[in-house]
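Just below is one structure, and these are the notes that go with it.
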Number of protein chains: 2
Amino acid sequence: MPRPPLARERVLDAFEDILVHDGERAATLEAVAKAAGVSKGGLLYHFASKEELAAGILDRLEEQMRLDEERMATAPEGPVAYFIRTSVMTDDPLDRVIVATSRLAQGGHSPSVEALSGIRKRWAAGIRPHVRDQAALDLVLLVSDGLYFNNALTPVTTGVSATVPTGAALDALIELVLRAAT
Amino acid sequence: MPRPPLARERVLDAFEDILVHDGERAATLEAVAKAAGVSKGGLLYHFASKEELAAGILDRLEEQMRLDEERMATAPEGPVAYFIRTSVMTDDPLDRVIVATSRLAQGGHSPSVEALSGIRKRWAAGIRPHVRDQAALDLVLLVSDGLYFNNALTPVTTGVSATVPTGAALDALIELVLRAAT
DNA sequence: GTCTATATAGCGATAGAC
DNA sequence: GTCTATCGCTATATAGAC
């Protein structure tokens with residue numbers, strides 16, 4: 001794989017970051033260029049349009065998703081517990097790129113909607129063999145969706161923090177889901 | 001209560017509709033005016049700014065939420081089952097206004113984020129007495145969030161429909177949640 | 001490979017006629 | 001109460017110098 005230019009990666013990092021922290025509307029070419037330390041023209045040399053910028057995010061999503069599928073399949077605590085636990089945002093590369101993609105999706109970017117739908121199907125495929133039935137699978141997926149949704153709801157510096165279980169409360173939730181679903 | 005002008009309600013209906021079906025970015029003053037059958041100037045007579053338009057949505061949310069609190073408290077199948085079941089979008093006034101509000105929230109509109117956080121607290125208060133413990137409450141709320149999220153993910157006409165349980169699958173899910181949480 | 005300058009279009013909002 | 005016309009701003013994208 002040929003090494004991509006550093007500036008290109010910096011631009012993509014900045015785009016992802018602004019999507020996650022400030023929302024889709026704030027991720028203008030100017031804001032991204034400034035955060036990446038280049039000019040608008042410089043940015044557009046690497047990504048000829050905003051659409052290409054979004055495609056860069058979807059490439060990252062695919063890359064991180066592949067890594068996660070391996071990790072989930074080999075997790076010591078089992079795929080289901082791993083899946084629920086990693087649905088709480090921990091600022092790792094997969095979480096960041098998923099939230100960035102869901103911002104694009106909610107901004108009306110169809111390829112992002114399809115990509116999210118696709119990774120959800122792949123998670124379902126990884127979990128199905130480890131749960132009792134379809135209702136159990138639905139339960140696990142929906143709890144995960146709920147966790148992501150709450151984390152993704154607050155794009156702007158609103159001061160409102162999502163009330164999602166962490167620490168001991170998360171452990172208790174995982175135990176409850178495992179008891180119900182497996 | 002004084003009867004509000006009909007045109008005003010039509011404008012608010014159009015705003016809500018475009019938010020739900022096409023996303024926040026598509027809900028421009030021009031698009032809303034056109035859908036409501038008035039001019040931009042005519043719209044701005046009733047709502048002096050886009051902020052007032054958003055405030056109109058939040059007023060509707062409060063109104064519909066109050067009605068739902070009563071229905072949930074008196075539901076024959078119990079508050080928990082009622083809550084989960086009504087989390088699947090059925091195109092009723094509450095569902096529409098919640099999705100519209102979540103579009104505004106994800107567009108960075110702070111009052112909408114706070115409003116959603118507020119109604120989630122009120123649901124929690126209504127459900128807490130009917131579930132076993134905190135983990136059970138978290139489970140119920142997160143499944144509901146997950147259902148809403150999946151329904152709300154598709155703003156644009158993408159052709160991708162969310163794979164959320166309905167019919168018999170929804171009944172099975174509700175039974176599973178009830179067994180785990182109560 | 002990165003810059004400045006600019007073209008083009010669409011947004012929210014105002015002004016004033018009717 | 002509703003309209004048309006227009007202002008000021010910001011967005012994406014292009015052109016061409018360096």
Side-chain angles (χ1 to χ4, degrees), chain A residues 2-58 100 103-112 155-156, chain B residues 2-19 21-58 100-101 103-112 155-156:
Chain A
R3 294 263 296 97
L6 267 99
R8 207 190 119 96
E9 286 303 293
R10 274 210 334 269
V11 166
L12 209 49
D13 285 341
F15 184 48
E16 187 180 273
D17 225 64
I18 295 175
L19 281 174
V20 170
H21 293 113
D22 305 322
E24 188 261 335
R25 256 199 132 135
T28 65
L29 295 185
E30 199 156 81
V32 173
K34 191 182 169 186
V38 294
S39 70
K40 236 194 295 194
L43 184 159
L44 285 161
Y45 170 78
H46 295 288
F47 299 92
S49 68
K50 213 175 183 189
E51 187 56 40
E52 283 190 23
L53 219 37
I57 292 292
L58 294 188
R103 298 261 188 269
L104 293 172
Q106 242 126 14
H109 189 245
S110 302
S112 292
V156 125
Chain B
R3 293 263 296 96
L6 266 101
R8 205 190 122 97
E9 287 303 294
R10 274 211 334 270
V11 166
L12 208 48
D13 285 342
F15 184 46
E16 187 181 271
D17 225 64
I18 295 174
L19 281 174
H21 293 114
D22 305 320
E24 188 260 334
R25 253 195 134 138
T28 65
L29 295 186
E30 202 154 80
V32 172
K34 191 182 171 187
V38 295
S39 69
K40 231 197 297 195
L43 184 159
L44 285 161
Y45 169 78
H46 295 288
F47 299 92
S49 69
K50 210 172 185 191
E51 187 56 40
E52 283 190 23
L53 220 36
I57 293 292
L58 295 188
T101 306
R103 298 263 188 267
L104 293 172
Q106 242 127 13
H109 189 245
S110 303
S112 292
V156 125

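Treat the numbers as computed from the prediction; the structure is a model and nothing was measured. Reminder, nothing fancy here: chain letters follow the sequence lines and each chain counts from 1.
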Inset, instruction - Side-chain contact test, heavy atoms from C-beta onward, threshold under 4.5 Å: evaluate it for A:His46 versus A:Val38 and give yes or no. - result: no
Legend entry - Spacing of A:Glu9 atom CD and A:Glu16 atom CD [to the nearest 0.5 Å]: 10.0 Å
Inset, instruction - Heavy atoms only: give me the nearest B:Glu51-B:Pro111 pair and the separation to one decimal. - result: OE2-CG, 4.3 Å
Legend entry - Closest heavy-atom pair and its distance - B:Leu19, B:Ala27: CD2-CB, 3.8 Å
Inset, instruction - Determine whether A:Phe47 and A:Leu29 make a side-chain contact, defined as any pair of heavy atoms from C-beta on separated by less than 4.5 Å. - result: no
Legend entry - Student check: side-chain heavy atoms of B:His109 and B:Glu24 closer than 4.5 Å: no
Inset, instruction - Could you list by number each residue of residues 38-50 of chain A showing a heavy-atom separation from DNA chain C of less than 4.0 Å, or answer none if no residue does? - result: A:Val38, A:Ser39, A:Gly41, A:Gly42, A:Tyr45, A:His46
Legend entry - A:Val11 side chain reached by A:Tyr45 side chain, heavy atoms, under 4.5 Å: no
Legend entry - Nearest-Å distance for atom pair CG/C1', residues B:Leu29 and C:dG12: 6 Å
Inset, instruction - Kindly give the heavy-atom pair with the smallest separation between B:Ala100 and B:Ile57, and that separation in Å. - result: CB-CG2, 4.3 Å
Inset, instruction - Could you list where the contact with chain B starts and ends along DNA chain D, reading 5' to 3', using a 4.0 Å heavy-atom cut-off? - result: D:dG1 to D:dT4
